[in-house]
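Inspection log for the structure reproduced underneath, given as structure tokens.
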Amino acid sequence: MVSERLIPMADAPPAHPVVTRFAPSPTGYLHIGGARTALFNWLYARGRGGRFLLRIEDTDRERSTPEATAAILHGLTWLGLDWDGEAVSQFARKNRHAEVAHEMLARKAAYKCFSTKEEIDGQKKAASEDGFAPFRSPWRDIDPSDYPDRPFVIRMKAPREGRTVVKDAVQGDVTIRNSDLDDMIVLRSDGTPVYMLAVVVDDHDMGVTHVIRGDDHLTNAARQQMVYDAMGWTVPVWAHIPLIHGPDGKKLSKRHGAVGLGDYQAMGYPAAGMRNYLTRLGWSHGDEEIFTSAQAMAWFDLSGIGRAPARLDFKKLENVCGRHMAMAEDAALLQELQAYLAAAGQPALSADQAGALHRALYCLKDRAKTFPELIEMAHFVLSARPIVPDDASAGALDTVSRGILHSLTPQLQSASWTREALEVILSAAAAANGLGFGKIAAPLRAALAGRTVTPSVYDMMLVIGRDETVARLRDAAD
RNA sequence: GGCCCGUUCGUCUAUCGGUUAGGACACCAGGUUUUCAACCUGGGAAGAGGGGUUCGACUCCCCUACGGGCUGCCA
């Protein structure tokens, strides 16, 4: 007897689909911390069949630039984060923000304040020496019929008694005394909306259910909640995540070097590794360290987010990236490498080079952590004869070893071109000369690649083929 | 200054009152080896400090120290 209510609900659509958003200001590059915030939002939504939206907070007309917007979009795309629908311009919605401000006025949840900057500063100084006291507008309870004909701002009529509790999924319940907060401005004297109003209106209108953002907004959440309350809107789930710090524990700044996501792309880190590392920075799922995005989506949850700021660790980043590179599919890896070359402004691969590299990837990808390393390791397959040995490898080509290379060519001409056959030949050659295999591997490496750091000599021979191998050996032996 | 948040190996973290405080990166030693990467074995390495609560605290409470955030007609 199985009653219907015992049937698992896992496949049922959620009653309230998750909607998250990333809302950067287009005032510069995409900060690595912002990228992680975007990643968390993306994982949370995608892991729950929800929507992930993008909003460009471009209301600061002085500092916002289209170049910065483009950089953000490119950065997100590179990281592999796709958003639903078109990116929303916050500036384009300014009329709606003003409309809400006036609605608050009509509901008596806001009022016109005619105080000048000088009056405000003067009152704050009088209230406390250092001027940190919250401003108390004298216009808060003035009857609208007594309003003068002067410029004004619209301020929210915030409660002065009691407390506001921000129920945060990461930080827990954060309680703020209302007496510590002033009546924040929602509409400037020029009629433009202020950020604090715009976020709330946009998040509400866009149906955002979960606000995952940096914890520099934690205190703001209390004031924003007052707007939700004033408008009778449902407050979203808050999740304020700690910022990322530099290796020295200080707030990440340009002084630390790479702070923009683009810097990491330029350094040649694979996006999958970047995603994994950033996901793991400040979030955990038991002891899981290396995982795919599909796994991350399945596992990601708000309760796994830590409360302390995390520091960037390049060594670990490299390790994670190396493991992802080794896991990657050859075709996808080749494509990403080509994209890297294009982004780095380096010459594109020829069709022949791309084909040869594709065939060589199996013995290259588990030896590299970044694309520059992969390319260096692939020197033997990307270069054409004559192979010019670099200084380090040239040392292996002395008279004796050149003689050995020379003596090898006839045997290789007639060998069956398999790893087993090659092993037999090269081992025998080493033994015949009273040498360990390592001693003849060095000149072979020099002849085949012109480098000291390469894949296995067998792999190189198999990849470039018999004719090319013999030719390179002859080049080096002569 | 006020308010708010945070603090476990060098780093990222596990632990959600009872563990020899676990894992990963990094580091050191050894092994394997064809250079590099990888891999195997072993090692050192942590609860900021001080008070409570409790039979028992990394875990709960308070204080201090340190770090961070907010306190804008910036976002």
Side-chain angles (χ1 to χ4, degrees), chain A residues 23-27 57-60 62-64 90 113 117 120 124 128-134 151-155 166 168 170-172 174-177 179-182 184-190 192-196 198-199 214-223 240 242-243 245 247 249-251 277 280-290 303-304 306-320 322-323 325-326 364-369 373 376-377 392-393 396 426 430 436-442 444-445 449 451-459:
Chain A
S25 309
T27 53
E57 308 219 314
D58 51 358
T59 53
D60 185 338
E62 297 291 305
R63 297 193 298 152
S64 298
Q90 186 162 68
C113 172
K117 225 165 214 142
I120 294 171
K124 289 172 98 174
S128 78
E129 254 178 69
D130 44 22
F132 280 111
F152 61 87
V153 297
I154 296 183
R155 305 188 95 106
V166 176
D168 194 280
V170 173
Q171 309 288 346
V174 178
T175 305
I176 315 261
R177 268 188 297 277
S179 56
D180 290 330
L181 268 23
D182 62 8
M184 69 169 178
I185 292 172
V186 293
L187 208 66
R188 299 187 185 99
S189 53
D190 65 359
T192 61
V194 129
Y195 160 80
M196 289 284 206
V199 238
D215 69 5
D216 48 336
H217 289 285
L218 181 56
T219 314
N220 291 338
R223 323 176 81 178
H240 288 95
L243 271 16
H245 284 182
K250 298 290 182 188
K251 198 171 70 163
Y277 176 74
R280 191 64 186 66
L281 195 62
W283 171 85
S284 62
H285 181 74
D287 287 336
E288 299 292 346
E289 297 284 351
I290 304 297
S303 62
R307 285 155 298 276
R311 307 182 190 197
L312 237 29
D313 180 352
F314 280 81
K315 289 289 188 186
K316 182 138 188 182
L317 204 211
E318 282 179 15
N319 179 275
V320 172
R323 314 237 333 228
M325 203 161 257
L364 295 171
K365 63 184 182 184
D366 56 356
R367 302 171 130 78
K369 298 177 163 75
E373 283 180 21
E376 172 57 24
M377 195 70 71
S393 68
L426 296 189
F437 181 69
K439 292 291 182 191
I440 73 165
L444 280 167
R445 228 185 295 283
R451 296 283 124 105
T452 53
V453 178
T454 74
S456 142
V457 294
Y458 298 117
D459 283 322

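Letters A, B, ... are given to chains in the order of the sequence lines, protein chains preceding strands, and every chain is numbered from 1.
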Under the 3.5 Å rule, do the base of B:rC3 and the side chain of A:Arg177 count as making a donor-acceptor pair? no
Paired to B:rG1 by Watson-Crick or G-U wobble criteria (both distances under 3.5 Å) is B:rU71
Scanning all shown strands, the Watson-Crick or wobble mate of B:rC16 with both distances under 3.5 Å is none
Distance, C1' atom - from B:rU19 to B:rA48, rounded to whole angstrom
23 Å
request  = Record whether the side chain of A:Thr454 comes under 3.5 Å of the base of B:rC36 through a donor-acceptor pair of N or O atoms.
outcome  = no
Quiz question: going by heavy-atom distance under 3.5 Å, is there a donor-acceptor pair between the base of B:rU71 and the side chain of A:Arg223? no
Out of B:rU34, B:rG72, B:rC5, minimum distance to the side chain of A:Lys124 belongs to B:rG72
For nucleotides 20-30 of chain B, 5' to 3', base contacts (B), sugar-phosphate-only contacts (S) and non-contacts (-) with protein non-hydrogen atoms under 4.0 Å give --BBBSS----
| said: Under 4.0 Å from OP1 or OP2 of B:rA14: is there any side-chain N or O of A:Ser284 that close? | reply: yes
- Query: Touch check for A:Val457, heavy atoms < 4.0 angstrom, all strands: base, sugar-phosphate only, or nothing?
  - Reply: base
Item checked: Spacing of the P atoms in B:rU59 and B:rA24 (rounded, Å) -> 26 Å
Exercise for review: Please confirm whether any donor atom in the side chain of A:Thr219 sits under 3.5 Å from an acceptor in the base of B:rU71, or the reverse.
Suggested key: no
Query raised in the report: What nucleic acid atoms does A:Thr192 come within less than 4.0 Å of, heavy atoms only: base, sugar-phosphate, or nothing?
Result: nothing
A:Asp459 atom CG is separated from B:rU34 atom P, nearest whole Å, by 14 Å
The nucleotide from B:rG1, B:rG6, B:rG69 with an atom nearest the side chain of A:Ala308 is B:rG6
As its Watson-Crick or G-U partner within any shown strand, both distances under 3.5 Å, B:rG6 has B:rC66
| said: Under 4.0 Å, heavy atoms only, any strand: does A:His217 hit a base, just the sugar-phosphate, or nothing? | reply: base
Report task. Assign the ring pair A:Phe437 / A:Tyr458 to parallel, tilted or perpendicular, where the plane angle (0 to 90°) is split at 30° and 60°. Result -> parallel
Just call it for A:Gly282: base, sugar-phosphate, or nothing, with non-hydrogen atoms closer than 4.0 Å on any strand.
sugar-phosphate
Look at all strands and tell whether A:Thr175 reaches a base, only sugar-phosphate, or nothing, counting heavy atoms closer than 4.0 Å. sugar-phosphate
Taking a pair to mean Watson-Crick or G-U wobble geometry with both distances below 3.5 Å, B:rU11 pairs with B:rA24
Separation of B:rG69 atom P from A:Gln171 atom CD, nearest Å, is 14 Å
Contacts of A:Asp168 meeting side chain to side chain donor-acceptor pair (under 3.5 Å) (sequence neighbours excluded), chain-then-number -> A:His240
A:Arg307 meets the salt bridge (charged side-chain N to carboxylate O under 4.0 Å, His left out) criterion, sequence neighbours left out, with none
When rounded to whole Å, the CD1 to C1' distance for the pair A:Ile176 and B:rC3 reads 7 Å
Does atom NZ (A:Lys124) have a neighbourhood of more than 12 heavy atoms from anything else shown, all under 6.0 Å? yes
Check your understanding: Which whole number of Å gives the distance between the C1' atom of B:rA38 and that of B:rC25?
Key -> 15 Å
A:Arg311 has its side chain closest, among B:rA37, B:rU11, B:rC5, to B:rU11
Re B:rA57: Watson-Crick or G-U wobble partner, both distances kept under 3.5 Å, found to be none
Taken to the nearest whole Å, CG/A:Asp182 to P/B:rC70 is 15 Å
Any strand, both distances under 3.5 Å, Watson-Crick or G-U wobble: B:rA38 pairs with none
Taking a pair to mean Watson-Crick or G-U wobble geometry with both distances below 3.5 Å, B:rG47 pairs with none
request  = In whole angstrom, give me the gap between the C1' atoms of B:rC73 and B:rG2.
outcome  = 23 Å
If we take the C1' atom in both B:rC12 and B:rU8, what is their distance in whole Å? 12 Å
Here the distance between atom C1' of B:rC12 and atom CD1 of A:Ile290, to the nearest Å, is 12 Å
Regarding the side chain of A:Val153, the nearest nucleotide among B:rC5, B:rU11, B:rC73 is B:rC73
Checking B:rC3, B:rG69, B:rC73 against the side chain of A:Asp180 (C-beta onward), the nearest is B:rC3
Whole-Å distance, A:Ile120 CD1 to B:rC73 P, equals 7 Å
Between NZ of A:Lys117 and C1' of B:rC73 the distance, given in whole Å, is 5 Å
Find every protein N or O atom lying less than 3.5 Å from an N or O atom of nucleotides 40-45 of chain B, and list the pairs.
none

Expressed as a whole number of Å, how far does the C1' atom of B:rA46 sit from that of B:rC58? 10 Å
Practice prompt. Using a 4.0 Å heavy-atom cut-off across all strands, classify A:Pro455 as base, sugar-phosphate, or nothing.
Written response: base
In whole angstroms, the gap separating C1' of B:rG72 from CZ of A:Phe132 amounts to 12 Å
Q | side chain to side chain contact (heavy atoms under 4.5 Å, CB included) evaluation trace for A:Gln171 with A:Asp215 | A | CA-CA 9 Å; A:Gln171 309 288 346; A:Asp215 69 5; 4.1 Å; yes
(request) Name the nucleic acid region contacted by A:Asn220, choosing base, sugar-phosphate or nothing; use a 4.0 angstrom heavy-atom cut-off, strictly under. (result) base
Taken in chain and number order and not counting sequence neighbours, the residues that satisfy salt bridge (charged side-chain N to carboxylate O under 4.0 Å, His left out) with A:Asp182 are A:Arg223
* To do: Name the nucleic acid region contacted by A:Ile185, choosing base, sugar-phosphate or nothing; use a 4.0 angstrom heavy-atom cut-off, strictly under.
  => base
Notebook entry, point to check: Quantified in whole Å, what is the P atom distance between nucleotide B:rG47 and nucleotide B:rC9?
Noted result: 7 Å
Write down the distance separating the P atoms in B:rG10 and B:rC63, rounded off to the nearest Å. 28 Å
Quick tally for nucleotides 57-68 of chain B: nucleotides whose base has a protein heavy atom under 4.0 Å get B, sugar-phosphate-only ones S, the rest -, giving ----------SS
From the candidates B:rC12, B:rC73, B:rC4, the one with an atom nearest any side-chain atom of A:Val194 is B:rC73
